[in-house]
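Presented below is the structure to which this report refers.
All figures in this text were calculated on a predicted structure; none of them were measured in a lab. Sequence positions, counted from 1, serve as the residue numbers for this chain.
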Amino acid sequence: SNMAPGDVEYGGLKVDNDGTLELRYAMTTTADDTSTLDEQLDLTIDVVTGPGVDGIWYTDDDVVGEANIYGPDGVLSSAFFGDPTQGEQAGDRTLASSASERLRFKATLPLDTDNTYQGTTCTVAFVFDAEQTASNP
């Protein structure tokens with residue numbers, strides 16, 4: 001909230017595989033279709049392996065294990081990685097049994113954003129689909 005052009009906000013999500021089999025997952029985005037702000041915001045998603053020197057997860061100085069699984073600076077409203085179609089697809093993320101990984105979401109309001117977006121809001125849903133890899137080639 002209250003972003004000005006050039007501002008950056010970070011958030012994160014830990015994805016856990018609590019099952020006994022390896023899984024693969026993909027993420028798609030569903031926009032609210034009531035605002036164009038989600039088409040203006042840039043998004044980058046990185047896999048992070050540790051907090052930075054500040055000791056806090058999901059900030060700008062996290063230890064990046066894999067950069068840009070989405071982005072850099074892709075459009076928020078159409079963010080995705082992998083493909084929710086059954087079976088192995090390009091970009092799918094794989095997690096071993098009892099493993100986890102942390103995804104850092106970096107949203108940026110571009111410097112060239114004009115007053116058209118002043119006071120607007122948007123809502124997007126990140127949809128995660130997962131399946132076991134066994135018997136799903």
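- To the nearest 0.5 angstrom, Leu41 atom CG is 11.0 Å from Asp73 atom CG.
- Annotation for Pro110 and Asp42: closest pair CG-OD2, 3.5 Å, computed over non-hydrogen atoms.
- Between Thr44 and Asn68, the shortest heavy-atom distance links the atoms CG2-OD1, 3.2 Å.
- The one candidate from Leu111, Thr113, Asp112 that meets the side chain to side chain contact (heavy atoms under 4.5 Å, CB included) condition with Leu109 is Thr113.
- Residues Phe81 and Tyr25 have side chains in contact (heavy-atom distance under 4.5 Å, counting atoms from C-beta outward).
- Separating the SG atom in Cys122 from the CG atom in Asp33 is a distance of 11.5 Å, to the nearest 0.5 Å.
- Remark: side-chain polar atoms of Ser97 are not paired, donor with acceptor, to backbone N or O of Glu22 under 3.5 angstrom.
- Heavy atoms only, all atoms of each residue included: Thr116 and Asp114 are closest at OG1-OD1, 2.7 Å.
- What you find for Gly82 and Ala26 is that their closest heavy atoms are C-CB, 3.7 Å.
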Q. Between Leu103 and Val47, does a side-chain contact (heavy atoms from CB on, under 4.5 Å) hold up when you go through it step by step?
A. CA-CA 5 Å; Leu103 304 177; Val47 177; 3.9 Å; yes

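- Remark: Asp92 CG to Asp83 CG distance equals 6.5 Å, nearest 0.5 Å.
- Using a 4.5 Å cut-off on side-chain heavy atoms (C-beta onward), Ser100 and Lys14 make contact.
- Looking only at side-chain heavy atoms (C-beta outward), Lys106 and Asp60 stay at 4.5 Å or farther from each other.
- A heavy-atom distance below 4.5 Å is not found between the side chains of Thr30 and Val124.
- No side-chain donor-acceptor contact under 3.5 Å links Asp46 to the backbone of Val48.
- Between Asp32 and Asp38, some side-chain heavy-atom pair lies under the 4.5 Å cut-off.
- When the side chains of ILVMFWY residues are joined at heavy-atom separations under 4.5 Å, either directly or via intervening members, Tyr70 and Leu76 end up in a single hydrophobic cluster.
- Looking at every heavy atom in both residues, Thr85 comes nearest to Glu131 through O-OE2, 4.3 Å.
- Under the 4.5 Å side-chain heavy-atom criterion for Ile, Leu, Val, Met, Phe, Trp and Tyr, Trp57 and Val63 are members of distinct hydrophobic clusters.
- For the residue pair Thr59 and Arg104, the shortest heavy atom distance occurs at O-NH1, 2.9 Å.
- The shortest side-chain heavy-atom distance between Leu43 and Phe126 falls under the 4.5 Å cut-off.
- Counting heavy atoms from C-beta on, the side chains of Leu13 and Arg102 never come closer than 4.5 Å.
- Counting only heavy atoms from C-beta outward, the side chains of Glu88 and Thr133 never approach each other to under 4.5 Å.
- The aromatic ring centroids of Phe105 and Tyr58 lie 6.0 Å or more from each other.
- Atom CG in Asp129 sits 6.0 Å away from atom OG1 in Thr28 (nearest 0.5 Å).
- Grouping the Ile, Leu, Val, Met, Phe, Trp and Tyr side chains by contacts below 4.5 angstrom, directly or via other members, places Val127 apart from Ile69.
- By the 6.0 Å contact criterion, OH on Tyr10 is enclosed, its count of non-hydrogen atoms from other residues, nucleotides or ligands being greater than 12.
- Judged by distance alone, the side chain of Asp61 and the main-chain N or O of Asp54 form a donor-acceptor pair under 3.5 Å.
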